[in-house]
Amino acid sequence: MKPFNFNVITAVSLMALLLSACSEDKKPPQNLASSADVATSNAVNVAKISTALPHYLQRDIRDEVFYFVMPDRFFNGDTSNDNGSTTIAASQGGFDPTSNGHYHGGDIVGLKEKLPYLQAMGITSIWLTPIMRNQAVQGDSSGYHGYWVLDFTEIDPHLGSDQDLKDLIAAAHELNMKVFFDIIANHSADVIKFKECHGEDGKQWLGATPGLCDYKSLEQVANGDKYNAFIPAGSESIKVPQWLNDPKYYHNQGDSTWQGESAVYGDFAGLDDIDTNNPEVVSGLIDIFKGVVSEFKPDGFRIDTVKHVNMEFWSEFSPTIVEHAQGLGIEQFFMFGEVYDSTPELLSTYTTTGNMQSILDFAVQSGLYKSLIERQGTDALAEVFAGDHYYQDEDSDASMLVTFTGNHDMGRFAYMLDASDFVISEAEKLARIKLSNALMYFSRGIPVVYYGDEQGFVGDGNDKDSRQDMMPSHVASYNDDDLLGTDASTADDNFDQGHVLYQDLVSLGQLYLDHKALRHGVQAPVYAQSTPGLYAFTRSDEQAQYLIVANTATTEQSQTFTMQLHGYAPVVKAKDKTENNGVVTINLAPLSYAIYKAVK
Ligand SMILES: [Ca+2]
Ligand SMILES: [Ca+2]
Ligand SMILES: [Ca+2]
Ligand SMILES: [Ca+2]
């Protein structure tokens, strides 16, 4: 753990802020990705891009930098709520900070306390994992992640009170930051049981396959072969609002095998799959989420498990919720869905046919994975962006997609590097992470930083293994990880603003703020190759064109590009650059990138 003097940070931060406020044409920063020193420098800079951008109510979504956080694993600001509800048994308990599958005590008050930490990193928007009241315990783990909702109208008591949530949003808005909720329309907590699988009391296991209640197809159900669905005694009114307690509003076809129609109609490992084909359910769910918007006034929603709900539901739900929010004065209300698939052809159907404004760009994640972890050619990335035209329709396009390098389900980019076939030094891992972040920020789409990535978190895998604590952890399998860029472990407090990756994100955020075309510019391909090496593209607006070149190889690489403009000046310097009337030759150090700008 590096010692940290708060007064020094504050003084340096203030100075950096003053400098950034009064110098429009700063010197081009050093090439960030090429300086992959493991040792962190003592310099602590801050990038408060949230306060320099337009007011949050007017701000275009393409100006955002997201931070995706699981509040339970972030910071415990109030230990009195650690055990959840004091009045509702179903939402009580499940607290065990030594287990990676249980509540750890982090909450909304704690998150609010850390807003300045996020703001200083250049974050403008926070996306929270689901915060509605959960079933605290299911089987041998708990609802710390928030995806087991019982009550769609109030916050989970482990995370705090409705007022705490309103206070967080008010505090974020005060800093000109936005707050996004993660919502689920596909399923609720697991309450409904099937007599054929779970017995008369719902507590047995009679299924043929352990842990899997066999899926019954639509055809089987039409022929009368269906489950006897029921709610076990004592749980008849456990869900809110009340209509969710009637089994007739669920599909009740058993567990999804993730194949064919079961992906839409099946239960997600027992989680009650809501019958989103029923018009009464559609209006019921629309009312629920209109209510959430009216009550808390978030700036948008990330929508879970979109692929597991019928498309007709989304095409009605999405515009209705956005219109409702706009009617409340949240003009820029924005929703992006989780469609776990990496092909633009399929992903784009949700923003076109499904009327959704945006989706999480699993295709870009896959391109970054192929080029920087599997070491395929840079054409793996070019191929992803070549599918951008699929997203084009009258009200949305690929520039509104939400990009990321890893997440709470698939694991962190750092873990993927660890798990790859290559033996990689810490310096090279850091260089690959920095390059993936730069490509995420500077290519089209809205970047998301997964909490803890900025502190060098790695993890042993996906899901629970990737949901480490930022506050001192008591989970042994987290604490034995070798974090990148620091001597700290997850047993320490990890809000280190001097961490090399935190500082790198500060730099990216500052560049993002200083050059509007890097956020809004139209992207066009320039160069890619079938082996690791250079990847080049431009971002252009009315004023300027930016040439962004990345080197994914571990050797120096050089290439000449014939550009339409001339006079490309450095924004982030390459190792060497020469130019003759728009014929630009760039020489890049291993695993680095450069940005050059030509004025129109
Ligand atoms: Ca707490
Ligand atoms: Ca479903
Ligand atoms: Ca169930
Ligand atoms: Ca471990």
Side-chain angles (χ1 to χ4, degrees), residues 90 98-100 135 138-139 147-150 184-199 201-207 211-216 218 227-232 235 238-239 244-247 249-278 281-282 285 303-314 317 337-340 411-412 414-415 418-419 452 456-469 473-484 489-491:
T98 67
S99 157
N100 67 2
Q135 177 146 274
Q138 281 181 200
Y147 292 99
W148 300 343
V149 178
L150 279 181
I184 309 144
N186 178 59
H187 59 262
S188 72
D190 177 12
V191 175
I192 294 173
K193 302 293 174 189
F194 306 126
K195 284 186 179 151
E196 294 79 0
C197 288
H198 311 108
D201 61 358
K203 291 176 181 164
Q204 301 165 51
W205 186 259
L206 309 173
L212 190 85
C213 195
D214 288 338
Y215 180 73
K216 289 193 189 293
L218 289 170
Y227 283 119
N228 278 297
F230 70 103
I231 295 177
S235 297
I238 205 171
K239 294 182 194 170
L244 286 167
N245 292 301
D246 191 335
Y249 293 124
Y250 297 81
H251 284 126
N252 302 322
Q253 288 172 240
D255 285 321
S256 172
T257 59
W258 320 114
Q259 307 295 317
E261 60 162 67
S262 86
V264 174
Y265 298 95
D267 291 347
F268 209 104
L271 296 170
D272 306 347
D273 197 70
I274 301 173
D275 182 3
T276 47
N277 303 77
N278 178 335
V281 170
V282 177
L285 285 170
I303 308 175
D304 188 55
T305 41
V306 162
K307 201 167 74 167
H308 307 291
V309 173
N310 51 307
M311 191 68 88
E312 301 77 21
F313 176 84
W314 298 122
F317 180 87
E338 176 213 25
V339 182
Y340 209 135
R412 299 176 186 276
Y415 160 71
D418 246 14
F457 284 14
V458 181
D460 299 326
N462 60 6
D463 202 83
K464 286 183 245 191
D465 286 330
S466 62
R467 301 170 181 176
Q468 299 96 322
D469 302 296
S473 182
H474 300 281
V475 176
S477 67
Y478 296 159
N479 293 345
D480 65 4
D481 290 3
D482 186 8
L483 307 190
L484 300 173
S489 79
T490 51

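Counting starts at 1 for both ligands and their atoms, following the listed order. Being a predicted model, the structure only gives us computed values, none of them experimental. These values consider heavy atoms only, across backbone and side chains, with no hydrogens, waters or symmetry-generated copies.
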Donor-acceptor pair, [X] side chain versus [Y] backbone, under 3.5 Å?
X      : Y      : answer
Ser466 : Arg412 : no
Ser262 : Thr257 : yes
Asp255 : Tyr215 : no

Q) Strictly by modelled atom types, are Asp273 and His187 linked by a side-chain donor-acceptor pair under 3.5 Å? A)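 Distance-only check fails for Asp273 and His187.
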Q: Say whether Asn228 and Glu196, considering side chains only, have a donor N or O and an acceptor N or O under 3.5 Å apart.
A: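 Yes, because at least one side-chain N or O of Asn228 sits under 3.5 Å from a partner of the opposite role on Glu196.
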Q | At the Ca ion (ligand 4): angle between Asp460 atom OD1 and Asp481 atom OD1, to 10 degrees | A |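 Nearest ten degrees: 80°.
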Q: Would you confirm whether the ring centroid of Trp258 sits within less than 6.0 angstrom of the ring centroid of Phe268?
A: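 Yes, ring centres under 6.0 Å apart.
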Flag [X] as yes if one of its N/O/S atoms falls below 3.0 Å of the Ca ion (ligand 3), otherwise no.
X      : value
Ile192 : yes
Gly270 : yes
Asp267 : no

Q) If you check every N/O/S atom of Asp190, which is the one nearest the Ca ion (ligand 3)? A)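 In Asp190, the N, O or S atom with the shortest distance to the Ca ion (ligand 3) is OD1.
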Q) Among the N, O or S atoms that Asp272 has, which is closest to the Ca ion (ligand 3)? A)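 Relative to the Ca ion (ligand 3), the closest nitrogen, oxygen or sulfur of Asp272 carries the name OD1.
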Q.
I'd like the atom name of the N/O/S atom in Asp480 lying closest to the Ca ion (ligand 4).
A.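 Considering only N, O and S atoms, Asp480 comes nearest to the Ca ion (ligand 4) through OD1.
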Q | Pi-cation contact, Tyr227 with Lys195 (under 6.0 Å, within 45°) | A |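 No, cation not above the ring by the 6.0 Å, 45° rule.
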Q: List the steps, then state whether side chain to side chain donor-acceptor pair (under 3.5 Å) holds for Asn277 with His251.
A: CA-CA 9 Å; Asn277 303 77; His251 284 126; 2.9 Å; yes
(Q) Report whether any nitrogen, oxygen or sulfur of Ser256 sits less than 3.0 Å from the Ca ion (ligand 2) (N, O or S, backbone or side chain). (A)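 So Ser256 does not bind the Ca ion (ligand 2) by this criterion.
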(Q) Under 3.0 Å from the Ca ion (ligand 2) - does any N, O or S atom of Val309 fall there? (A)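 No, Val309 does not qualify, because none of its backbone or side-chain N, O or S atoms lies under 3.0 Å.
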Q) What's the atom name of the N, O or S in His308 nearest to the Ca ion (ligand 2)? A)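 Nearest N/O/S atom: O.
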Q) How wide is the angle at the Ca ion (ligand 2) between O of Val264 and OD2 of Asp273, to the nearest 10°? A)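 Rounded to 10°, it measures 80°.
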(Q) With a cut-off of 3.0 Å, does Ser477 put an N/O/S atom close enough to the Ca ion (ligand 4)? (A)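 Under 3.0 Å: Ser477 contacts the Ca ion (ligand 4) through an N, O or S atom.
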